[in-house]
Amino acid sequence: MLRTLKYNLEMQKEHKKRDLGARAMDNQIRDLLKTLEQSHLSLEIRKSPEALDNILADDFFEIGSSGAMFYKQDCLKNGVALDELKLYNFDMQVLAPDVVLTTYFINNKTRNRNTLRSSIWKFIDGRWQLLFHQGTVTKLHSSDFNTTG
């Protein structure tokens, strides 16, 4: 009985260590993916088919705020909207060791509208690539969110 108790305490300590390590790793991934999300919102990246090609996974698709479907080749061939966008309330959920869901709010200054966004990122060929993206128009405003996230 005492041996079992000691074993359980040791296992709890190990789990706490692993949880701390996993949280630190999650924070690093969160920071990296927030940077990637912000980068693909920038006009410089949005104007560059080469830069978009590097960020978008080969199987990338998007459900736009209009409800239209877009695929990687559409984005590379036709370009993407060149709007001035500001990101708020970024969050991340790990779905699998190599798959992450990011969610955030966008204030589109060009179109004077706001959207809730979600992206699925997958670690492919040694780097994070955007696999899926969706934007949904909302009546919420940036003041409704924590501006530090």
Flag yes if Phe70 and Ile63 sit in one hydrophobic cluster, no otherwise; membership is Ile, Leu, Val, Met, Phe, Trp, Tyr, and two members link when side-chain heavy atoms are under 4.5 Å apart. no

May I ask you to decide whether Asp53 forms a salt bridge with Lys72, counting only side-chain N to carboxylate O separations under 4.0 Å? yes

Is any side-chain heavy atom of Lys109 closer than 4.5 Å to one of Asp83? no

Are the side chains of Leu101 and Ser118 in contact, using a 4.5 Å heavy-atom criterion? yes

Keeping the roles fixed (side chain from Ser42, backbone from Ser39), state whether a donor-acceptor pair exists under 3.5 Å. yes

Just wondering, do Leu140 and Asn114 contact through their side chains at under 4.5 Å, heavy atoms? no

So, do Leu87 and Lys34 sit near enough that their side-chain heavy atoms are less than 4.5 Å apart? yes

With a 4.5 Å heavy-atom cut-off, do Phe60 and Gln129 have their side chains touching? no

Residue among Arg117, Glu37, His133 satisfying side chain to side chain donor-acceptor pair (under 3.5 Å) with Thr102: Glu37

Indicate yes or no: at least one non-hydrogen side-chain atom of His40 is less than 4.5 angstrom from one of Val80. no

Identify the residue among Leu95, Asp98, Leu130 that makes a side chain to side chain contact (heavy atoms under 4.5 Å, CB included) with Lys122. Asp98

Taking C-beta and beyond as the side chain, do Asp144 and Tyr88 meet within less than 4.5 Å on heavy atoms? no

With a 4.5 Å cut-off on side-chain heavy atoms, are Asn89 and Tyr104 touching? no

